[in-house]
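These notes concern the structure reproduced below.
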Amino acid sequence: MKAVITSTAKYLPDSVLNNHDLEQILDTNDEWIRTRTGIRERRILKDPEKATSFMCSEVARKLIEKRGITADDIDLIIVATMSPDMIFPSTACLVQKNISASNAWAFDLSGACSGFIYALHTGAQFIAAGTHKKVLVIGGEKMSAVMDYTDRTTCVLFGDGAAGVLIEPGTDEEHGVLDARLYSDGKGCDNLCMPGGGSLHPTSHETVDQKLHYLQQDGRQVFKSAVVAMADVALEIMTRNNLSAKDIDFLIPHQANHRIIQATAERMGIGLEHVAVNIDRYGNTSAATIPICIAELDEAGKLHRGSSLILVSFGAGYTWGGIYLTWV
Ligand code: ACO
């Protein structure tokens, strides 16, 4: 049984932080950020009382409402995030509480920027097994909470947001999540991480003084690995499914850097008109980038029965992967 996407939704905070705002607090400039990354602005969840679970709960409510079901119909909630409200309990449990999904079980999935792809594949397995009928798969991040706004090499890149899909069993074998290839390479762990606050470096005055509670990245190393891995997995998915560029309606790549997106599309032979891009407006929202793109395409009426999509991502871990699916 294939898992099909039957509802999409997104939540972006209203507050906009653009490149010119960052010029006021950092030694950076709009031109550098735009030409090196493609980002013009990003959204920030400013309310200190609200965190990732708030945005994911908004998404969950919209997914349920759009599908015309109730929260009690949901069997499972998977939240992909690297900026959970707390290390425990899981953000997914907070979402379950917020929407009163009393029949669901819930867990977080830690896959960094590949979190949504990992979570969609995981959710699809529960549908394929026939044990679950309605699974919410949500990616959400309050990246502003783990940013050092004095570090121009990282804070210009990331933004806040959440989005997700409802998956259910399809009625045929031709539509839905048709293929997935997922990878990890822990050797990349030091190049992109948040060292503080876990069991290795529990929070202390020292860890805070050393800024270990912020995301740290060797951008050049990550870039080199991402550009190869995303294109390789996209081509692998195409080959495995006998797809040529003309068979693909939309490439939906993780939005980390416009240059990585372009390089992936070029290696696949896909024109940019078939590539979902919103990095200019939201920056890198980590696990949320791909479902935000899906929700925007859906809202714009661009997805029709049979539309074929390839989702590809790369993130901390390293983690990466691709999914091939067709729309219902
Ligand atoms: N404004 C102005 N100058 C800057 C800025 C800035 N915001 N940031 C860096 N610079 C400077 C650097 O200091 C450097 O100056 P120097 O040559 O005098 O030392 C120069 O610009 C070039 O720096 P690079 O790091 O080489 O710039 P690069 O072209 O590699 O772009 C970037 C950096 C955007 C971070 C890029 O490497 C990138 O996108 N990396 C991949 C990110 C990614 O894919 N992450 C994975 C997903 S994220 C996740 O999983 C959480």
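Order of listing sets the numbers, starting from 1, for every ligand and every atom in it. Start at 1 with the first residue, then count along the sequence.
A salt bridge does not link K302 with E296: every distance from a Lys NZ or Arg NE/NH1/NH2 to an Asp or Glu carboxylate oxygen is 4.0 Å or more.
Backbone and side-chain nitrogen or oxygen atoms of M82 are examined, and none is located within less than 3.5 angstrom of a nitrogen or oxygen of ligand 1. At least one N or O atom of R36 sits closer than 3.5 Å to an N or O atom of ligand 1.
Counting heavy atoms closer than 4.0 Å to ligand 1, residue V156 contributes side-chain atoms (C-beta onward) but none from N, CA, C or O. Of all the heavy atoms of T154, none lies under 4.0 Å from any atom of ligand 1, so neither backbone nor side chain is involved. Of the heavy atoms in L26, none comes closer than 4.0 Å to ligand 1.
Remark: the T150 side chain and the D148 side chain contain an N/O donor-acceptor pair separated by less than 3.5 Å. Residues E141 and T285 bring no donor and acceptor atom of their side chains to less than 3.5 Å of each other. Using a 3.5 Å distance cut-off with no hydrogens or angles, the side chains of S144 and D160 do pair a donor with an acceptor. Between the side chains of S184 and Y118, a donor-acceptor pair is found at a separation under 3.5 Å.
Annotation: atom 46 (C) of ligand 1 to nearest protein heavy atom, V222 CG1, 3.4 Å. Nearest protein neighbour of atom 40 (N) of ligand 1, counting heavy atoms only, is G219 O, 3.1 Å. Looking at atom 31 (O) of ligand 1, its nearest protein heavy atom turns out to be R259 NH2, 3.6 Å. In this structure, the protein non-hydrogen atom closest to atom 24 (P) of ligand 1 is R220 NE, 3.5 Å. Closest to atom 1 (N) of ligand 1, if we only count protein heavy atoms, is T28 OG1, 2.6 Å. Closest to atom 32 (C) of ligand 1 among all protein heavy atoms lies N257 ND2, 4.4 Å. Atom 35 (C) of ligand 1 has its closest protein heavy atom at L157 CD1, 3.8 Å. Scanning the protein for heavy atoms near atom 47 (C) of ligand 1, the closest one is C113 SG, 3.4 Å.
In this structure, atom 44 (O) of ligand 1 is in close contact with the protein, since a protein heavy atom lies within 4.0 Å of it.
With a 6.0 Å cutoff to the six-membered ring centre and a 45° limit on the axis angle, K50 counts as a cation-pi contact of F54.
Among K224, R152, H254, Q255, the residue whose heavy atom sits closest to atom 15 (O) of ligand 1 is R152. Distances from atom 41 (C) of ligand 1 to the heavy atoms of F223, Y318, W32, W320 put F223 nearest.
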| Taking it one step at a time, do F107 and W105 satisfy ring pair (Phe, Tyr, Trp, His ring centres under 6.0 Å)? | CA-CA 7 Å; F107 67 90; W105 63 293; 5.4 Å; yes

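Within a 6.0 Å sphere centred on CG of D172, other residues, nucleotides and ligands contribute more than 12 heavy atoms. Dense packing is recorded around CD of E273, with more than 12 heavy atoms of other residues, nucleotides or ligands lying under 6.0 Å away.
Short contacts between ligand 1 and N284, defined as distances under 4.0 Å to a heavy atom of the residue, involve ligand atoms 47 (C), 48 (S).
Checking side-chain atoms of D75 against main-chain N and O of A104 turns up no donor-acceptor pair under 3.5 Å.
Atom CG of L120 and atom CD of Q125 lie 10.0 Å apart (nearest 0.5 Å).
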